[in-house]
Every structure is written in structure tokens, then in C-alpha cells.
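For reference, the structure is listed below as C-alpha cells.
Within every chain, numbering begins at 1; the chains are lettered A, B, ... in the order of the sequence lines, protein sequences first and strands thereafter.
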There are 2 protein chains.
Amino acid sequence: MTHDGIITLGHGAGGQMTGDLIDNIIIPILHRNSNSQELEDSVKIDMPEGDLYFTTDSYVVDPFIFPGGNIGHLCVHGTVNDLAMSGAKPVAISLGFILEEGLLIDDLKTVLRSIHDAARDANVLIACGDTKVVPRGKGDKIFINTSGIGVTRKALSIKGSGARPHDKILLSGTIGDHGVAVMSAREGLSFNSSIKSDTAALNGIVEVLLDANITIHTMRDPTRGGLATTMMEIAESSGVEIRLDERAIPVSKEVNGACEILGLDPMHIANEGKMVAFIPPDDAERALSIMRSHPLGDSAAIIGEVHQGRAGCVTVTSFIGGARIINKLPGELLPRIC
Amino acid sequence: MTHDGIITLGHGAGGQMTGDLIDNIIIPILHRNSNSQELEDSVKIDMPEGDLYFTTDSYVVDPFIFPGGNIGHLCVHGTVNDLAMSGAKPVAISLGFILEEGLLIDDLKTVLRSIHDAARDANVLIACGDTKVVPRGKGDKIFINTSGIGVTRKALSIKGSGARPHDKILLSGTIGDHGVAVMSAREGLSFNSSIKSDTAALNGIVEVLLDANITIHTMRDPTRGGLATTMMEIAESSGVEIRLDERAIPVSKEVNGACEILGLDPMHIANEGKMVAFIPPDDAERALSIMRSHPLGDSAAIIGEVHQGRAGCVTVTSFIGGARIINKLPGELLPRIC
């Protein structure tokens, strides 16, 4: 059973031990008012009116506990943010666990508590779940898939291809914190104590922007691949040129220092609690002040604007004034960052 | 890039290589009319009227290609079936891939083709996806999470706690095929050529039952833990006794033979294309003949009935006439069967 304090293959076989794990560990921490006997194969969700949005993400971050959070925060925030970036209000999420034999049940509990807290804070229902166990050496402690559904206000259309010439590009805060925090924890680097993941749910800040009737053409959270990759994707799918001003992009002193030591560009490093918004010029200043008045946006900045120019091209004006063309993260720079 | 024919860590880093994998391998096979540039963080789903149902399952089956199918069929069928068992018409599914570095891209293509075919045949939209890559030895070739959403006709309530005394228990076909097929492939046993997985989408057979206005109190697909575990769960959550007649439970000669050699009970072995339905006596014979006229139900049978009796108890009348009490699969009998 679960008394030995580690996950065994029996916990994933779908029988009594799986039921015990769900009833005695998972459900009590997630505070569901049911036990596995009442858990159905699928569950009914009370949906508010609006257009339905659906998203999925698997989380394989290594290490799964890192400065500023753990995979539990990440899996809730990441999926909530994917919905929020479409302008959807997150309603419900699923949790699919793939546990490696030998995982400490105490570590699983830590993750479950973070999931509970993150879902409560983001005001999203944990609707359904699934638990599988793989033998030692066939997984890596814990992987989580979180899918999510949400609804938008009718007639709202915010998408990656929506950026238009003259749009101002707002960034909600510093970049690079999550990726550097995870990588420094993974590699055992000494500056890890001062750099924390920015993992956070962005649906609140999106909500206040929408409540204020800010027109938003595009929103994205620059996760894997970093701000550079996100900008490239938007420039390509909107068929526009994006010009960024490097001097306006907030990067903490600690992240800048770490990146210099490691030879990394903060523009390519993953964030988990930051957003970019493409906003027509008339609404941009108002949007910026709304962002800045939100706890997750106090260092928000306008970091660039959209031009007709060369479709699919992103240029950055650097600190010394020259302009360079940036590219997507090519490949294997930072695997398993989320 | 993808030219070397194997998955590398770069394919999971979220940059150019991830985009290439999605654009050049995944999307063309899944026949989506878009490329990754247009893929949003979450996607709008056109939902028919009705109550919304949500489900999730991760698939870690070993080996991921087995007699009668592969993990691609399984991930679509399993999630479609979880929705169908609540009486919901599956509308859309998500795909979350966790690939191990070194996976052959040809094997990934095989799985993707099966996903495409299974989704087309089950008439369900592949709505969104995610791809992560983990280093060699930190995963096992391919894991897939499939979440799904569906809608029920209004006022339909089919659940595990719905079984009532006098209900007849219908089983749509033979048990044990999937589990024995996977296990024999895994262990390299010689009888594997004649036993194939029963993996199939059950939404069609459910649809015809509902179209015929059959009253259904409970439906379940007896997957992990087998028919025995499913019966125990229903007996417990409905607070009823279930009496099964072993002589009525269809098991193929091949599965029976394999189980005798391996010392396994077919009642504990996973199925991936079978369903049980608890149906009031007045509708039972009609339901049986409807099931039997469906290609997936031609060996359907009434295998038992519900009694007031001892709540949470499942008894089986055996071939030689005696009755025994059955239990859930205790633990590690058959890990990674789905």
C-alpha cells in the first residue's frame, strides 16, 4: 500500500492500490468532496455562457521542485495561462500523472498541495484526473499533463495572427526568471538562491484588461523558446514586422548576470508568469497603467511596436543603438524547462 | 532537424526544431489544415447544445505497438470511451506527447497515423496538442495524454452510482483480449499471434442504445483492473450487490488458454473495446438485441443482475455452480497495460 512512502507499480495498475492512492493521498489534498468510488470516467462541468476553449500541456520540468515553485504550480499556471492568452476565463482543468516507481509519496504530496493552492488562487476547478505508474528508469519521478477548458466573452477574438501595424507591444514584467531558476537548480549553480521562477497565473491580469475594455489583438505567454520565439511566431502568423527596443525589456540584474556567465540570451529563456499583449496605440498607455497596477505587472513596459515592413521579421534595437535580427531558439538550448 | 530519423532533445525545446516536428511530421499526418504558426495556445471548439463532460487519461502501454493496435488507437479509443460511458457524445480531444530521445520518427509516424484513423472513425476532432521530449532513460519511447470533451443530451444522467436492484448487466463482448495481447507481446509469448487487442471506440454502440431510448442506469468500460474491478466499483458506489454468472461471461478460447498458462483470471484483465451496461429489466432484452446487431457487440450477453443484498459485494456463480466473492485487482498484476 502507500505506507512505505514510495510509489510502486501497483499504484498504477488500476486496482485496490490505485484506489487507495487516490482516496488517501490525492483526493484529501486536492480537497475534492468525493472519493474514487464516485469518480466517473468523465465528469460534467457547469459551463458559463460563451465560446469554449480547450488546451493541453504536459510538464516534464527537471528538477520538479525548483526555486520559486514546483511542477504542481507550473502545471496549473501553464494551462490557465494558455486559456487566458486566448481571452478565455479558465473554468476546469484535468490532471494526468505519470509517476515513476520509487517517487517519494512526500514529494507527491508537496506537488499536490501546490496544485491545490494554485488552482484555488486561479479560481479554476480540478475536474478530473488519471494516475499511471512506470517502472524505475522508464520515467523521471513525475510528469503531469494538464488540459483545460475555458470560455470567452462572446465575440472576443484574440489570436497569434491578430497583430496589426502600429500595435504597441506590452510585456508584463522581467524575462528569463523561470528558465534561469530551473537551470541553475538542475546544474547546482550558486546563484540559484537569488533567482526564483516567475510561475504565476495570468488570468487575473487579463481579466482586468478585458474589464477595462482594452482592445487586445494578440496575447501570448513567452514560455519555451522565450520572448524571441514568441515574437517570431507572432510576426510570422500575423505577417508583420516586429521591432523591439532591448533597452525597454525588463531583465533583473541577477538574471542578466547569470545569462552572461552561462552565455545565454534572456530573450530565448522560458517564462511562466509573463505575458505580451499587442494593443492598438490608442489603448496602449491605458493598458500599461492597468498592467502596472496589478501585482503581476508592476514592472510592465512597452517594449516595441508592429510595422508593416518585412513580414515575419523581428528586429531588436540594442543598448548601443544598433539593430539586429533575432531568431527562434534553434534547438536543444534548454530542454525540460517546463 | 528531423532528417536523422530519431527524436532528439531539441525537438522538445519549443524553438525551431519543435516547430519543424509539428509542421513536417505531426500536422501533415493528423491532416490539420494549419501549421504551427497558426496553432494557438488554446483553441475554440464549436460545441453542440448539451451538458459538457470532460475527461483525461495518460497512456503508457508497453510495448507501444502490440497485436491489434498501438498506443495511438488506444489513446483515442480510451478517451472517447470515457466520454461515451457517461452518455456523452465525444466532440474534441487533445494530445499531449512525451517522447523519449531516440524514438524512431517512423514509429512516431505509425502512431500518428493510427491516431488520425481512430479519431476519424470515432468522429472526434483532434483539437490541440503538446510535444515534450525527455532524455534517454527518463521516459519510455512514447507516452500520450489524451483529454476529451463531449456533450450529453439534456437530462441524461448515467453514472457509476446509478445501478439499481433488478438491473440486468449487459457485457458487449469477450473479456481479456487487450490485456493478454499486450502482455504476450511484452513477454514475447508464443500465443500472441492469435490474440489481438480489442481496442475500439464505443461511442457508436452507445449512440444506437440511446437512439432507441434504452434506459441506462450505469455504463462502464472495464479497462485497468478488468471486469472484476469495474463491478466492485459499481457495487460500492451504487450500494448494491452484483451477482454474475461466470458461464454467461464471454471469453475467447485463446484468452482462456493463455490465462490458464499464466495463472491469470480474465476477470482482472484490461479491455479497451468492451462495455458493461446496467439496464432495467424491461429494456434489457431489447438492449441486448441492439448490442448484438452492432459490429462491436455481436457476442454481447447478459452476464448478471443487481440485488439489494450485501452492498458493495460482487459474487460469481462459477461453471461448476458454486458462488465465490470476487475482489478488485489488488495491485501490480498488470502494469502499463494502457
Under the side chain to side chain contact (heavy atoms under 4.5 Å, CB included) rule, what do A:Ile98 and B:Val60 come out as? Steps first, then yes or no, please.
-> CA-CA 8 Å; A:Ile98 299 177; B:Val60 298; 3.8 Å; yes

Are A:Lys138 and B:Arg336 close enough, and set up right, to give a side chain to side chain contact (heavy atoms under 4.5 Å, CB included), and what steps lead you there?
-> CA-CA 11 Å; A:Lys138 301 291 184 184; B:Arg336 302 191 61 192; 4.0 Å; yes

Tell me, out of B:Gly150, B:Gly148, B:Pro135, who's got the most heavy-atom pairs with chain A below 4.5 Å.
->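 Of the options given, most contacts go to B:Pro135.
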
Output the option from B:Thr223, B:Ile45, B:Thr152 having the highest count of non-hydrogen pairs under 4.5 Å with chain A.
-> B:Ile45

With sequence neighbours left out, what residues match B:Thr230 under side-chain contact (heavy atoms from CB on, under 4.5 Å)?
-> B:Arg220, B:Pro222, B:Ile234, B:Val276

Do the ring planes of A:Phe143 and B:Phe143 sit parallel (below 30°), tilted (30 to 60°) or perpendicular (above 60°)?
-> tilted

Can any side-chain N or O of A:Asp130 pair as donor or acceptor with the backbone N or O of B:Ser58 at less than 3.5 Å?
->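 Side chain of A:Asp130 to backbone of B:Ser58, a donor-acceptor pair under 3.5 Å: yes, one is there.
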
Indicate whether any N or O donor in one side chain lies under 3.5 Å from an N or O acceptor in the other, for A:Thr56 and B:Ser147.
-> no

Considering only heavy atoms, which portion of B:Ile93 lies under 4.5 Å from any heavy atom of chain A: side chain, backbone, both, or neither?
->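 Backbone only.
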
Relative to chain B, which segment of A:Val134 carries a heavy atom at a distance below 4.5 Å: side chain, backbone, both, or neither?
->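 Both backbone and side chain.
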
Side chain to side chain contact (heavy atoms under 4.5 Å, CB included) between B:Phe54 and A:Ser94, worked out | CA-CA 8 Å; B:Phe54 188 24; A:Ser94 64; 3.8 Å; yes

Answer key: most heavy-atom pairs under 4.5 Å with chain B among A:Asp62, A:Val151, A:Thr131 is A:Thr131

Can you check whether anything in residues 75-85 of chain B gets within less than 4.5 Å of chain A, heavy-atom wise, and list it by number?
->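 When heavy atoms of chain A are the reference, residues 75-85 of chain B contributes B:Asp82, B:Leu83, B:Met85 within the under-4.5 Å range.
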
